[in-house]
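These notes are about the structure you will find just below.
Starting from 1, each residue takes its place in the sequence as its number.
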Amino acid sequence: MTTSSESGTASTVLGYPRIGPYRELKRATEAFWAGRSGASALHDVAGGLRRDTWTGLRDAGLGQVPGNTFSFYDHVLDTALAVGAVPERFAGIEDPLERLFAMARGRTGAPACEMTKWFDTNYHYLVPEIGPSTRLAPGSRKALDEFREALRSDVLTRPVLVGPVTFLLLSKPAEGSPEDFRPLDLLGPLVEVYRDLLAELADAGAEWVQLDEPAFAADRTDPEVAALRKAYDRLASAPRRPKILVASYFGELGRALPVLASTAVEGLALDLVAGRADLDGIDSVEGLGGKRVLAGVVDGRNVWRTDLDAALSDATRLTGVAGRVEVSTSCSLLHVPYDLEAETALPADVVDMLAFARQKVDEVVLLGRALHEGRAAVADAFDAAKATRERVAAASRRDEGVRSRLAELGADHYRRPAGDVRAKAQREALGLPDVPTTTIGSFPQTAEIRKDRAAHRRGDITDDEYTGRMRREIERVVRLQEDIGLDVLVHGEPERNDMVQYFAENLDGFATTELGWVQSYGSRCVRPPILHSDVSRAEPITVGWATYAQSLSDRYVKGMLTGPVTILAWSFVRDDQPLGDTARQVGLALRDEVVDLEAAGIRIIQVDEPALRELLPLHERDRQSYLDWAVDSFRMSVGGVADTTQIHTHLCYSEFGEVVGAIDGLDADVTTVEAARSRMEVLGDLGPGVPRGLGPGVYDVHSPEVPDADELAGQLTAALHHIGAERLWANPDCGLKTRGEPETVAALTNLVAAARRVRSGGVPTTG
């Protein structure tokens, strides 16, 4: 029977994973894209996942269940569709599902919306495009439809939407907008659309709605904070609406907290993990006494068990300040795997450290009971959890050999000679042409490759059989690249399941999961490794594969590594020491690998850092410290090679302006960047900040569209305005692992033709 959202235990969560515990949504979506199934089959899978989530959270004992947290691709894109923010190039697509996927993935003549990181997480959102002529109006009825769908499953949900101010702050001006236009200029019309949506939800029976405003966990200007007040004064004055819960996460609300408290919204959700500073001075915040406040004391972004007593203490500090205090996660559980109980191979001592989404729901419910019934009511569970934490804390997670090596390394271990000295040495040693062509690393991975890896893991084929199969694939990919005409080759990475997990499986200090899948974007899912102890490398990881590939060709084959910052960003990282200390440990392990690659004859080595921008703290005051250790850990990893060895790095997902100094500080010989979705706008951000080689990605590997040679030559010609031909590289904007081979061959063939045209001074006929 459906119950009021005011009943039940004093606990909730801000969101939940949506891909399915076995990636059911990924498989259904990709089957639909490939034409192997129809829309009805996709909707059936989606409906089942939604029902399982709603009823599972209800039955777990939550007092209120979030709704509208499901998405076929991205919740920011869903919000854009809900408020009518559809770029003109997609306006003619009538079918809602087709329009959604076109905006996410692009189609002929209509490039996909730009994609970038969701704050400092490894989730990616589609950037809304807003211009003066954008006609905001109620569009997609997804939130309303899913609320009614949940009612039919006897669950009264709290619909969740991206808040109007955050939505506009995350948007970009549409192409052709006046220079002085800002998306926030349309706040007034957008708030009216939200008022209409809230009225419809109220009419359908919604008691509460959650509006997420995480943009205010970052530094914000006075006009932006004033816009927050304006928006919620207007929304709270609506004559017909559910109660409003404003949620922020990923940091403290700071000066936005008293602003929201002073409005007539009924509830606030505070992140008391990343934003614990909000507790300082909470007693002096006026307006909380009549509000429901969610104490976000269970970490929604990491997988470590909660210190229940400390969390209860923090939640208790809000009692007497707020009208009603309830326990919640710090943010949506979208960022953690589904269920720890599904794992069968994790070491027992590691399991004792962990809680996935399902276990975090149990922690939230338990804390809610303790908060409102007293700790004594749940003393046995609290005491058992405390004993487990003490057992984990007593176990050794230190490697004194690693710590001694780091302590002995001086500044010289982080530095190479000046970039111009290295560039001259490399031009003479490598003899590459102007505008050399290459790829970022991975090549399409077929079902057969994935089957071979799985068979090897199960023990169905021997090590020798597996090595033979991978070598045959490497040889095929090397010959393919030679036929296409690429100047610098890669081995294609058939042996790698994921650019971070592969290294985690081969480094001490990590554990990996079987089903710990987390959505990165769209249908792209990753299994973040668990970094629980000091990190070291026992033996070479990539050297054998790289040297075999190099033996097949007279052209240079790049060694391919993932950098220390990205390994940390895309792992669940231990929380018992500073992140910079852990980064340097990873950098030291990679340094050993880089030195071994050079000794084995590999002359070009790429150390990817796509997550450099991702981990940038949301507050300016915290950034320099982060950038210092991020740069140090990268330079640690590459500082042991000769001038003639060329070091590449790769960054993606745009918005490099804030880290341009750090990109320069990495001191790579060549930096390749994602630039296609932003239509080369990123080069303006980089400016003179990359004085060495630069490879702006000239086509979007996240779209199935194949760019022609004229288009690519136009992109390269535009790049020449920023960097000379002797320093310009031609490449895709990311790895090719998820693409099909026919489109990959066609796109790379066009890339080579475009580079040769630009190299010879030819002018593209279009673009």
- Note on the structure: d(Arg527 CZ, Thr512 OG1) to nearest 0.5 Å is 7.0 Å
- Message: Salt bridge check, Asp592 against Arg405: does any charged N sit closer than 4.0 Å to a carboxylate O?
- Response: yes
- Angle class for the Phe32/Phe101 ring planes (parallel below 30°, perpendicular above 60°, tilted otherwise)? tilted
- Would Asp632 and Arg584 pass as an ion pair if we require N to O under 4.0 Å? yes
- Task: Using salt bridge (charged side-chain N to carboxylate O under 4.0 Å, His left out) as the criterion, list what pairs up with Asp74, not counting sequence neighbours.
- Result: none
- Which of these passes salt bridge (charged side-chain N to carboxylate O under 4.0 Å, His left out) with Asp667: Arg416, Arg415, Arg422? Arg422
- Hey, can you tell me if Tyr466 and Trp545 have their rings parallel, tilted or perpendicular (30° and 60° cut-offs)? perpendicular
- Task: Decide whether Glu711 and Gln715 meet the rule of one side-chain donor and one side-chain acceptor closer than 3.5 Å.
- Result: no
Side-chain polar contacts of residues 640-647 - donor-acceptor pairs under 3.5 angstrom, sequence neighbours left out - could you list them?
residue: Thr645; atom: OG1; partner: Glu598; partner atom: OE2; Å: 2.6
residue: Gln646; atom: OE1; partner: His648; partner atom: NE2; Å: 2.8
residue: Gln646; atom: NE2; partner: Gln426; partner atom: OE1; Å: 3.2

- Query: Judged by modelled atom types alone, do Thr437 and Asp487 share a side-chain donor-acceptor pair under 3.5 Å?
  - Reply: yes
- Salt bridge check: are Arg476 and Glu741 linked by an N-O gap of less than 4.0 Å? yes
- Query: Looking only at side chains, do Gln481 and Arg555 share a donor and an acceptor under 3.5 Å apart?
  - Reply: no
- For residues Ser536 and Gln585, is any side-chain donor paired with an opposing acceptor at under 3.5 Å? no
